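Within every chain, numbering begins at 1; the chains are lettered A, B, ... in the order of the sequence lines, protein sequences first and strands thereafter. Just so it is clear, the values below take in all heavy atoms, side chains as well, and ignore hydrogens, waters and symmetry mates. If you're wondering where the values come from, they're calculated on a predicted model, not measured in any experiment.
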Amino acid sequence: MKIATYNVNGINARLPRLLEWLDEQKPDIVCLQELKADGERIPEKAMAEAGYGAVWHGQKGFNGVAILAREAEPREFGRGLPGDPEDEQSRYIEAEIGDVIVASIYLPNGNPQPGPKFDYKLQWMERLLARAEELFALERPVVLAGDYNVIPTDEDTHSVDAMKNDALTQPESRAAFRRLAAMGWTDAIRARFPSGKIWTYWDYQAGAWQRDAGFRIDHLMLSPVAADRLCAAGVDKEYRGREKASDHTPVWIELAEA
DNA sequence: ATGGCGCCTCCGAGGCGA
């Protein structure tokens with residue numbers, strides 16, 4: 001079972017790229033982020049025609065997440081991250097597909113820091129950790145996949161110096177991310193590739209793609225039962241170089257059947 | 001230091017991202 005995460009940066013602007021990737025790579029489960037669409041603007045029909053059932057948590061203009069399942073209907077397991085009824089940003093959805101529980105995560109960027117956006121990021125991470133505790137306790141295969149907006153270590157960016165004041169590298173952001181690992185969640189890419197520079201995002205600006213100046217911020221975190229089934233992982237890097245690409249590229253894992 | 005690029009909304013330009 002192939003499970004992928006892809007920050008599309010506008011699902012309508014990215015529709016040809018998304019359909020092409022689904023057709024070429026045939027992922028079984030896909031976590032999408034940054035739909036930047038809601039209601040009628042969600043291309044539900046195009047996804048169905050491509051053979052994917054879906055659960056959506058859209059938002060007009062910004063944010064928006066979804067989970068797709070190939071030749072299946074995902075069962076919604078949760079919508080919105082618990083812990084703040086005032087939070088109206090669409091950044092989190094969960095679904096069950098077969099015996100696997102998947103969450104699609106669009107963690108707040110948090111820039112500029114310090115400031116209210118950074119505070120929101122850290123509070124959101126606390127809520128994510130609380131939800132992760134609950135999912136962990138189920139002792140089931142669970143995959144928390146998405147755009148975490150955290151560069152976990154200095155090895156995960158092309159330039160430590162350029163990012164030293166960025167919300168993505170701050171000690172508080174990294175400490176909260178590390179608590180997932182401390183709880184028992186496995187960073188799938190690092191489990192398969194313990195060292196080396198692996199990017200999942202390249203800025204549109206300043207020739208970042210051409211210079212291969214990226215970061216690793218899209219992660220798939222696996223519960224112990226899921227980690228036991230991990231048999232492959234990778235980054236579909238070439239899609240970042242295609243016409244009208246997102247600034248992120250898909251990241252995927254392969255889990256053995258139960 | 002700033003803006004660079006691209007997407008969004010709803011019409012010329014500003015907000016937002018990372």
Side-chain angles (χ1 to χ4, degrees), chain A residues 5-19 21 31-43 46 56-66 87-92 104-122 124-125 128 145-174 176-177 189 197-219 235 237 239-251:
Chain A
T5 180
Y6 188 11
N7 179 324
V8 290
N9 187 21
I11 193 169
N12 289 300
R14 210 65 55 220
L15 202 52
R17 274 293 81 75
L18 176 59
L19 290 169
W21 172 72
C31 297
L32 298 176
Q33 300 88 34
E34 279 207 88
L35 306 178
K36 298 187 177 181
D38 197 11
E40 296 295 309
R41 298 279 296 153
I42 289 178
W56 305 94
H57 191 203
Q59 185 174 338
K60 187 179 180 181
F62 304 103
N63 304 320
V65 288
D87 186 359
E88 294 183 346
Q89 300 192 35
S90 299
R91 295 179 173 275
Y92 187 86
S104 181
I105 293 168
Y106 180 42
L107 206 146
N109 172 298
N111 280 307
Q113 76 77 33
K117 291 190 175 182
F118 191 58
D119 296 341
Y120 173 64
K121 176 185 191 130
L122 296 180
W124 204 95
M125 292 186 85
L128 177 62
D147 176 0
Y148 279 72
N149 272 318
V150 175
I151 294 171
T153 73
D154 284 352
E155 198 177 16
D156 297 307
T157 173
H158 73 279
S159 171
V160 172
D161 198 49
M163 299 304 288
K164 68 174 185 295
N165 294 319
D166 196 284
L168 279 59
T169 64
Q170 293 313 295
E172 299 93 326
S173 310
R174 287 178 167 177
F177 183 77
I189 289 288
K197 296 182 181 301
I198 299 167
W199 313 146
T200 67
Y201 167 92
W202 296 257
D203 202 303
Y204 285 123
Q205 305 178 67
W209 169 248
Q210 288 74 13
R211 294 186 292 120
D212 197 27
F215 342 122
R216 191 174 74 92
I217 53 175
D218 300 272
H219 309 301
V235 177
K237 184 172 177 177
Y239 290 84
R240 180 61 183 83
R242 296 196 186 183
E243 284 298 309
K244 295 271 288 175
S246 171
D247 42 6
H248 296 249
T249 205
V251 184

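Closest to the side chain of A/R91, from the set B/dA18, B/dG17, B/dC7, is B/dG17. Each of B/dC16, B/dG4, B/dA18 was ranked by its minimum atom distance to the side chain of A/A206; first place goes to B/dG4. Distances were taken from every side-chain heavy atom of A/K36 (C-beta onward) to each of B/dG6, B/dA18, B/dC5; the shortest belongs to B/dG6.
Look at CG on A/N12: it is 8 Å from P on B/dT9, rounded to the nearest Å. Protein atom CD of A/Q59 is 12 Å distant from nucleotide atom P of B/dC16, rounded to whole Å. Spacing between atom CD of A/Q210 and atom C1' of B/dC5 amounts to 11 Å, rounded to whole angstrom units. Between the OH atom of A/Y120 and the P atom of B/dC16 there is a distance of 13 Å, given to the nearest Å. Atom pair A/N109:CG and B/dC7:C1' shows a separation of 15 Å (rounding to whole Å applied). Between A/L35 atom CG and B/dC16 atom P the separation is 19 Å, expressed in whole Å. Across the protein-nucleic acid pair, A/F62 atom CZ and B/dG6 atom P stand 18 Å apart, rounded to whole Å. Atom P of nucleotide B/dC16 and atom CD of A/Q205 are separated by 16 Å, given to the nearest angstrom.
Residue contacts for A/N149: at a heavy-atom cut-off of 4.0 Å it reaches the sugar-phosphate backbone alone, with no base atom in range. The residue A/K117 sits close only to the backbone: its heavy atoms come under 4.0 Å of sugar-phosphate atoms, none of a base. Residue-level contact check: A/D38 touches neither bases nor backbone, having no heavy atom under 4.0 Å from any strand.
B/dC10 sits 14 Å from B/dC16 when the P atoms are compared, rounded to a whole Å. Taking the P atom of each, B/dA13 and B/dG4 are spaced 15 Å apart, rounded to whole Å. Comparing B/dG12 with B/dC7, their C1' atoms sit 16 Å apart, to the nearest whole Å. Here the separation of B/dG15 from B/dA1, taken at their P atoms, is 22 Å to the nearest Å. Using atom P as the reference point in both B/dA18 and B/dC8, the two lie 14 Å apart (nearest Å).
Sequence order on DNA chain B of the closest nucleotides to A/N9 and A/N111 puts A/N9 first from the 5' end. Between A/D147 and A/A37, it is A/A37 whose nearest contact on DNA chain B lies nearer the 5' terminus.
In this structure, A/D203 and A/D247 have side chains that are not in contact, with every pair of non-hydrogen atoms separated by 4.5 Å or more. For the pair A/W202/A/Q210, no side-chain contact is recorded, criterion being any heavy-atom separation below 4.5 Å from C-beta on.
Between A/K60 and B/dC10 there is a side-chain polar atom (N or O) within less than 4.0 angstrom of OP1 or OP2. The phosphate of B/dG17 (OP1 or OP2) has no side-chain N or O of A/N7 nearer than 4.0 angstrom. Here A/H248 reaches the OP1 or OP2 of B/dA18: one of its side-chain N or O atoms lies under 4.0 Å away. For the pair A/Y106 and B/dA18, the criterion of a side-chain N or O lying under 4.0 Å from OP1 or OP2 is met.
Residues A/N63 and A/Q89 have side chains that bring a donor and an acceptor to within less than 3.5 angstrom of each other.
Taking a cutoff of 4.0 Å between a charged side-chain nitrogen and a carboxylate oxygen, A/D154 and A/R174 qualify as a salt bridge.
Figure legend: A/R242 and A/Y239 shown as a cation-pi pair, the cationic atom lying under 6.0 angstrom from the six-membered ring centre and within 45 degrees of its axis.
Nearest heavy atom pair, residue A/N9 against residue A/R14, reads O-NH2, 3.0 Å.
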